[in-house]
Amino acid sequence: TLTSPNAYAQSKVLVDAYTRSGVPPQSISYIEVHGTGTPLGDPIEVNGLKRAFHRLKRVFDTGPLPDVRFLADSSWSPGRTGKVGKTASL
């Protein structure tokens, strides 16, 4: 829907940006995301990032992806960290 994240669109934007800038995915060691804390939004955003980095690995034809971890900032709403509240890895 218009108000929910789109993993395909997010992935495309990331792949285009990294490809145009020439930044290989192996050089990324930290990603800060906005976790909504919802069962709908969090998995979509994590899957968009996973999709982008796996595609970038093929584009740049380099070694294994870095061990990147995501952790939601739950300070805004204790107890509502959603699926990202648990560490997710690429």
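Here, residue 1 is the first one in the sequence, and each next residue gets the next number. Quick caveat: nothing in here was measured; it's all calculated off a predicted structure.
Scored by the side chain to side chain contact (heavy atoms under 4.5 Å, CB included) test, Tyr8 finds Asn6, Arg51 as partners (sequence neighbours excluded).
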Begin from the C-alpha positions of Ile28 and Phe53 and carry the test side-chain contact (heavy atoms from CB on, under 4.5 Å) through to its verdict. CA-CA 10 Å; Ile28 306 301; Phe53 275 83; 4.0 Å; yes

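Distance alone, capped at 3.5 Å, places no donor-acceptor pair between the Ser11 side chain and the Ala7 backbone. Panel note: side chain Ser27, backbone Val23; no donor-acceptor pair is recorded below 3.5 Å.
Applying the salt bridge (Lys or Arg N to Asp or Glu O under 4.0 Å) test to every pair with at least one member in residues 13-27, sequence neighbours left out, gives these pairs: Lys12-Asp16.
Of all heavy-atom pairs spanning Val15 and Arg55, the tightest one is CG1-NH1, 3.9 Å. Glu45 and Gln10 get closest at one heavy-atom pair: CA-OE1, 3.5 Å.
Proximity of Tyr18 to Pro25: side-chain heavy atoms (C-beta onward) are nowhere separated by under 4.5 Å.
Two different hydrophobic clusters hold Val13 and Leu49 under the rule that ILVMFWY side chains link at heavy-atom gaps under 4.5 Å.
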